[in-house]
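Lettering of chains follows the sequences in order, A, B, ..., and the numbering in each one begins at 1.
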Amino acid sequence: MARKSKVDTFSSGAPAGDALVWLSSLGLAVGLFMITMILAVIIWQGLTAFWPREVAEVTVRADSEFTINGAQTFSGEIVHYKTRQDYTKDNKTEVEELQLYVGNRDVYGFSFFYVDVDDIIKIEKPADIMSIEREEYGKAIARPVSLHIKGETSVSADSLEFDDRLRALMDTVAERRDEIHDIEKVEIGRINRKMESIRLSRRRMEREGHTDSEKYRKLVDADAGLQGDYETLAAEAGALRDLQFEHELEVMLLTGEVRRMPLGKLINYRYPNQLRVIDKCVAFAHNMVSFILNDPREANTEGGIFPAIFGTFVMTIFMSLLVTPFGVVSAIYLSEYAKPGLMVRMVRIAVNNLAGVPSIVFGVFGLGFFVYFVGASIDQLFFSDTLPTPTFGTGGMLWASFTLALMTVPVVIVATEEGLLAVPRGMREGGLACGASKWQCIQRIVLPAAAPGILTGMVLAMARGAGEVAPLMLVGVVKLAPTLPLNTTWPYFHFEQKFMHLGFHIYDLGFQSPDSEAAKPMVFATALLLIILVVAMNLVAIYVRERLRRKYAVSAV
Amino acid sequence: MPNATSHSRHDDRFQVSRRVLLVDYWMHRLIKVGGISVIAAVCGIFVFIFVQIIPLFQGATVSPTATVQLAPGDYRDVGVDRWSELPFVIDQNLDLHFINLAKDNDVTRITPELPDGKATSMRYNQRNQMLVYGFDDGRFCVVRLNYHETFDGNERTIGHDLVTEPAYHIGHQDHPIVDIDYAEADGRRVAAAIQSVGDSREVHLVTLKQKRSLLGAGKVMVDKRFDLSSQVIGVPAIVRAGTQADLLMVATEEGRVFYFSMQESEITLMQDFTPFGDLADTTVASMDFLFGGVSVVLSSPAGENRLYSLFVPEFGSSRLFGHTKTFPLLSGGAEVYAASQRNKSFLVGHGSELSLRYATTETVRWHKDMPFEVEHAVLSSKHDRMLLVDGADMLRIYDLDDPHPEAGVKAYFGKLWYEGSSAPKYDWQSTGASDDYEPKLSMVPLIVGTLKGTLYAMLFAVPVALLAALYTSQFLSWRMRVIVKPTMEIMASLPSVVLGFLAALWLAPIVETQMVFIILIFVVLPVIAMVFGQCWASLPMPIRKYVRSGFEFLVIGVVAAASTVVCWYLAPHVEARFCTVVDPVTNLAVSDFRLWWRQTTNTPFEQRNALVVGFVMGFAVIPIIFSIAEESLANVPPSLTSGALALGASRWQTAMRVVIPTGSAGIFSAVMIGLGRAVGETMIVLMATGNTPVMDLNAFTGMRTLSANIAVELPEAPHEGTLYRTLFLGALLLFMFTFFLNTIAEVMRQHLREKYKTV
């Protein structure tokens, strides 16, 4: 409703209350600033988490208190400069300090180190510093000394072949790591599940007293066979694992300590100060891809977040499959079948109310009803063998999806109804006049026309479901799930399992993690991913809805 | 007109196939059922949660399970094992009759090996399963009752054996002990007795100590003896040693109670008080400890029943007893007393009257006039059974079902005087370190916390959102609107977990150090905007036309950014000028807002405080209020606004006098829905506050809201326990609160729609 004040044309004096118009424009400016600021912060912080940082060699004054293990020279990635308030001097003085990610937690016992800028004599960026990503203790930042290859003389870091040899060995090690992972997680996991099912059948037969039957003996044999398979595989994995330790990389920390690290423990290495801009871009892309595709390590503070992405994805899809039919059917009922009156009015109030009920209340309901009531009953009926270990009587994917489906039903109802209402009356009347039954009319004419509305509702519900954490904390999300909810073992889709979720991952990393400072880049990166996911879905919904409105705004005339 | 030949064809043409009709019929049914079931689900949620909390407000139920006729005789006491399978009664000869309830009520009679002499007093200590006897020759003796479980296949039997400890003298030799009590805890062993010496009575106390040797626990020896007679004024009648063996209570016949504290084997008289001093008859009829050993239940012969608890009084330094609770009258003094071994319940009775009371909430859980005289009673360790011995020598066993004694309206919404606190208060602290911990389950601090978070969120969000909605709907250029509205919708979609984490890890540390800057901005920006608008309006037309109407917010954005920068540089100077205080640690003058706030207002300053929560909650609330308010303002019929403008009203006048009054219901409903969202917001509050329950509205402290409380405690709460159901009550409160707000909002909106139709 923008309208130009016509008053302006006639007099040069300001129209009454124009100053207040300016005040009201401040409201909008603040609102827009807030959203821009928050998106900017997350995008910036989230993206810089992947950008390879250069490693600085810092030397402090001889009398400085900022030394690591007594050494005045140390190295680390420059995280940022910040000011600290020093209360020991008169009035508040601000001291500028430098936060360094020094790595080498196995040696130092910490990952971050703060140095007063005044104490620093020089900061250099030597090209030969190596930054090594490891399976444990975060990164190692050190100078390579030599490569100890089993059965050969060691290769010094100065020699020309050092890099090629190291790269080649790292590749073999990485391949072997995948092999070990395959054996331990996939094959041994499969055997374990089979053994577990045999154990349960045996227990059932023992309880029923069928221990001398043919079937029972077969089970015992199968069990023994599996045990044998298991041992073979375990031995195979053990042998591979031993191979992982045969070559070692010797490095010297800038603080003087010399360490030998088996290559099997190393994941990747770089010379961060030798990287050109193009290399950095490649490393940036590589970091991002491995963040999205890898499993988490070290209490989730390192590695990737693939299980969380996958869990969120599967849960959201499953939830939307549950919620859409119910929401659409109710919306059709409300707008096509129910007679307008007090009843429909009250139902509308109820639906809108449901939309306003806090999400945690749905979580409470989900826990009490789905988990403890429905789930426990299912366990009693079908899984009494495994009791008291609950199967469905504990939080899981299924109950989380149900809970969120209940929560997002109003979203679908409201959006679908809007879509249905936008279908011009003439189209329905035309259909009915041609002799279509009511359902035929809805099915062939109204629903296709309202499809964008339904789609909008579905996407909005997915966006809401993907971003919601509070109810999930009660009905089945965990910080680390051993297996994915959808995998290659029968029955492929594991409804009852607990799962990981991006939103909960943020909460867990930021607030439950032992080293929240080290986890910060991960939290920001995860937040960025979640926001991209949710905002993208919302944009799709907004776009579809706007198109819908425009289309029927014309056709209704 | 159809002719005769086409008549049958005519019928065919209008004949609808059965299948179509059938599908239509069933789809009609299906959709109706589906629609109604979704609506039923809404009600179902409410009903389910409501059903979960009903048990919280129910009293105890007591139902008889068995009666056992005992051999005739005057029984002295009744006791029970922790499985409530093998109770015993003690007869006048001090023989124990064990009744095996699992095996046809078989009675085994056992005579404990006691020293010679007549036992003149006796007490049963259920907590440690001990019997202590006082003899007429001034000796006392402890008998330990060891119950043990043995399994024979799947069959379980409860066995028992008695271990008699050596007898020791207490007080004078050859004078009878009138009342005796014994307690042991953490290696301390204390026996206290009232002894009748001639016409007078004396109070004596003995501490025992067990020698530790290499071979394990060694011999028990008398450590110290105390004669407390001189300190007790009057005729001592009842002596009770605290269950923690750290305090001693002596009541005299005149009704005075003396409280001794035992610290490091020294006895000090701490206090004497007259519990029924305000009554005509000050006599104390009974005095017994409650579970936990820091409260005593007293009764007077008239049936007055009071609870005295240990706490440090205001301006005091040591723990003293004070009158904290008064219970309903009994028909007489409590001859029958049994304390629960699991919670703060106790059973009192006089004659045939029995009453189960819960100390913390000062309520009667169950009350009945039995058809028989109750002589002795005991409550089982699991608080699931009640065993009575009546005047006709019957052992009566009752099932006691009181799963939630600590709940109730008073516990949730009233001020309670908890053990150890100096005054009644509202408090939430659901679990404690020890078994005898008294759960504090008041909903009031949580409600206050919820309202506090909501208040600060609304203080920030409502002005911003409504101003933005007004500007967007009335003044903003059409082209910008198409961009602005989806942007605000994107803001609404931001997951609250992201907002919460930003608030806690990014914003809170910044706000903490830049408090003055933040306050400055909140004051300066609106003023600058108004002043700038005023100045701008008085500029001549040729300059003013550079900013087209509908694009003011871009200019004001630049102005606001500039003033923010100015504020940033101004803030340290303002802080130095107004907030300089002396640091108590270093004794140096420091200009620091946090310190200044703490010293001048004497209230704490926390990093994760209500201000941060309010600001970040704004992200969640502003877009909601904005969209609903904007929609209702934009839908004000154009005829009204056009009319106003045509009559010469300025655009602001039109907005204020025409648009806002017409759309006020929509604005109101927008605020209501925003309020509902703020009340129920979980993740932001959970992450951005310290989650400490508070009772104040201080902007610089955190809070614990109903929703965050559920998120914190429900995953750990045992299924169907009191805490579990209490958290459901919290959820119900949230549900009802938002239901109320949303219903108001929805009714308002429907009203508005009707109104727009008629205009």
Can you tell which part of [X] gets under 4.5 Å to a heavy atom of chain B, answering side chain, backbone, both or neither?
X: A:Val535; result: both
X: A:Gln45; result: side chain
X: A:Ile413; result: side chain
X: A:Leu502; result: neither
X: A:Ile442; result: neither
X: A:Phe511; result: side chain
X: A:Leu474; result: side chain
X: A:Leu509; result: neither
X: A:Ala470; result: both
X: A:Val41; result: side chain

Nearest atoms (heavy-atom pairs only) where B:Ala504 meets B:Pro509 = O-CD, 3.5 Å
remark   = Looking only at heavy atoms, the pair that brings A:Gly27 and B:Val464 closest together is O-CG1, 3.6 Å
Relative to chain A, which segment of [X] carries a heavy atom at a distance below 4.5 Å: side chain, backbone, both, or neither?
X: B:Leu686; answer: side chain
X: B:Ile45; answer: both
X: B:Ile673; answer: neither
X: B:Thr682; answer: side chain
X: B:Ile710; answer: both
X: B:Phe46; answer: neither
X: B:Tyr724; answer: side chain
X: B:Gln52; answer: neither
X: B:Ala560; answer: side chain

Would you check if [X] and [Y] make a side-chain contact, meaning some heavy-atom pair closer than 4.5 Å?
X: B:Ile622; Y: B:Met488; result: yes
X: A:Leu334; Y: A:Arg348; result: yes
X: B:Leu633; Y: B:Thr472; result: no
X: A:Ile531; Y: B:Pro495; result: yes
X: A:Ile42; Y: B:Leu502; result: yes

Students often mix this up, so state it plainly: with edges at 30° and 60°, are the rings of [X] and [Y] parallel, tilted or perpendicular?
X: A:Trp22; Y: B:Phe532; result: perpendicular
X: B:Phe615; Y: B:Phe460; result: tilted
X: A:Phe369; Y: A:Phe365; result: parallel

ask   = Between B:Glu681 and B:Arg677, is the closest basic N to carboxylate O distance under 4.0 Å?
value = yes
Largest heavy-atom contact set with chain A, pairs under 4.5 Å, which of [options]:
options: B:Tyr25, B:Trp506, B:Phe735; value: B:Trp506
options: B:Pro623, B:Pro463, B:Ala468; value: B:Ala468
options: B:Arg749, B:Gln653, B:Lys485, B:Gln750; value: B:Gln750
options: B:Thr743, B:Ile49, B:Leu470, B:Val484; value: B:Thr743
options: B:Phe728, B:Phe619, B:Phe626; value: B:Phe619
options: B:Ile490, B:Ile528, B:Leu494; value: B:Ile490

Do [X] side-chain atoms and [Y] backbone N/O form a donor-acceptor pair below 3.5 Å?
X: B:Asp24; Y: A:Trp439; result: yes
X: B:Lys32; Y: A:Tyr337; result: no
X: A:His501; Y: A:Ala466; result: yes

query = Roughly how far apart are B:Ser493 OG and A:Leu539 CG, rounded to 0.5 Å?
reply = 8.0 Å
ask   = Please walk me through it: do A:Glu468 and A:Leu472 pass side-chain contact (heavy atoms from CB on, under 4.5 Å)?
value = CA-CA 7 Å; A:Glu468 200 58 69; A:Leu472 294 183; 5.8 Å; no
Just give me the residue among [options] that pairs up with chain B most often, heavy atom to heavy atom, under 4.5 Å.
options: A:Val475, A:Ile35, A:Leu32; answer: A:Ile35
options: A:Phe362, A:Phe326, A:Phe33, A:Phe524; answer: A:Phe524
options: A:Leu354, A:Ile542, A:Val357, A:Val364; answer: A:Val364

